[in-house]
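These notes are about the structure you will find just below.
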2 protein chains.
Amino acid sequence: MSQKDHPQAHDHEHNHSHADAKDKFLERLKEQGFKLTGKRQMIVDTLLEEDRYISAKELLERMQKVFPRLSFDTVYRNLHLLKVEGIIEESTFGDGGSKYRITCDTNQHHHHYICTVCGKTELVEGCPMDLLGITAPRGFQIESHRFEIFGQCGECH
Amino acid sequence: MSQKDHPQAHDHEHNHSHADAKDKFLERLKEQGFKLTGKRQMIVDTLLEEDRYISAKELLERMQKVFPRLSFDTVYRNLHLLKVEGIIEESTFGDGGSKYRITCDTNQHHHHYICTVCGKTELVEGCPMDLLGITAPRGFQIESHRFEIFGQCGECH
DNA sequence: ATCAATGCAAACCTTTTGCACGCGT
DNA sequence: ACGCGTGCAAAAGGTTTGCATTGAT
């Protein structure tokens, strides 16, 4: 690789809670023997800064400004790892496959308002599984659920 | 086309409500100038009989027993039309892209329990948008929402 | 030094499209 | 006869994988 990695940080690390969250995430990876490469860190950085759903393609394009030779497979491999580790969330809406966002700090169960234009999210208060009188059909074993409210955020319409 | 079409019906049309629903759907298509081809009808038939989420691939394979030369593009073109017409619903869960099911007779707003193994569904009573005290973030314009409960049905676990 | 991460290229899978022909009306 | 529907083939997206090399620890 001719390009240089930047293990410490890149420019926009101006936000304390971001830095804290990043450290927490990277710590988790480190403990399991995964390596803290510049690209892996930049994915976490970017998702923390953007704080919205981003496609693999958009992520790639943003990161290529810093790592010109970065390729889709690296992005996807890292996204997969980060998803398995619970560091990011995946959703599919609109066109063009999956989109990803950083998991909320708290890591608590939650649902989102999602802007279908820019991918920005807001937390929904409460969870339908608690507030709806959910009684599963006889024999049905509930494993998970999905609740998302789509629309356009104030800046996008 | 060397194969024969079956405009009236194929074998399993044993259920009255299915026949009624089918007529209603086909009527709707006819009014708009779409033609009631054997393949289009068999997609509706199959989805009515199965009454669960099915992938384009599974649909193709089932239908190829009757129409050996049926191809993906025809399946997709018809699925797209049926979706636009509100005759079928699309969802993405599990692997392998979208899955489709016939829209409930009533055509009322609803949500589903979905078996992730076989795609079978049950209606959820109530809608979180009504029962949750939804107050969108300032400026956020709600356009739609998604609420699905995943798990395994009695026959699949 | 070790083992994970990456780039490259190719493959894979689902879905879409252009075109000429066939079929429902 | 008209115009939608279909098959074929090819392409377009998004995503994954094998392999050799590079890099983090």
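Chain identifiers are assigned alphabetically (A, B, ...) following the order of the sequence lines, protein sequences preceding nucleic acid strands; residue numbering begins at 1 within each chain.
Put simply, CG on A:D95 is 12 Å from P on C:dT15, counting in whole angstrom units. Atom CG in B:L36 sits roughly 14 Å away from atom P in D:dC4 (whole-Å rounding). B:Q64 has its CD atom 14 Å from the C1' atom of D:dC8, to the nearest Å. Atom pair A:F72:CZ and C:dT6:P shows a separation of 16 Å (rounding to whole Å applied). Distance B:K39 NZ to D:dT6 P: 6 Å, rounded to the nearest Å. Atoms CZ (B:R77) and C1' (C:dG22) sit 13 Å apart, rounded to a whole Å. Here C:dA5 presents its P atom at 13 Å from CG of A:L26, a figure rounded to the nearest Å. The distance from atom CG of A:L81 to atom P of D:dT15 is 17 Å, rounded to the nearest whole Å.
If you check every strand for non-hydrogen atoms under 4.0 Å, B:R40 touches sugar and phosphate atoms only. Across all strands shown, B:S55 has no heavy atoms under 4.0 Å from either base or sugar-phosphate atoms.
Both B:D73 and B:G33 lie close to DNA chain D; mapped to their nearest nucleotides by heavy-atom distance, the more 5′-ward contact belongs to B:G33. If A:S71 and B:K30 are placed on DNA chain C by their nearest nucleotide, the residue sitting closer to the 5' end is A:S71. Between B:Y100 and B:K35, the residue whose closest nucleotide on DNA chain C is further toward the 5' end is B:Y100.
Ion pair A:D51/A:K120 not flagged as a salt bridge, since none of the NZ, NE, NH1 or NH2 atoms sits closer than 4.0 Å to an Asp/Glu carboxylate oxygen. A salt bridge between A:D73 and A:R77 is present, with a side-chain N of the basic residue lying under 4.0 Å from a carboxylate O of the acidic one. Using a 4.0 Å cut-off between a side-chain N of Lys or Arg and a carboxylate O of Asp or Glu, A:R52 and A:E58 qualify as a salt bridge.
For B:S98, a side-chain nitrogen or oxygen approaches OP1 or OP2 of C:dT15 to under 4.0 Å. Between B:T74 and the phosphate of D:dG7, there is a side-chain N or O to OP1/OP2 separation shorter than 4.0 Å.
With C:dT6, D:dG7, D:dG14 as the choices, the nucleotide that has an atom nearest any side-chain atom of A:K57 turns out to be D:dG14. Across D:dA24, D:dT15, D:dT6, the shortest atom-to-atom separation from the side chain of A:T37 is found for D:dA24. Side chain of A:L70, nearest nucleotide from C:dT6, D:dG5, C:dG7: C:dG7.
A donor-acceptor pair under 3.5 Å is absent between the side-chain atoms of B:R146 and the main chain of A:R146, judged by distance alone.
Looking at B:H110 and B:E89, their side chains do bring a donor and an acceptor atom within 3.5 Å of each other.
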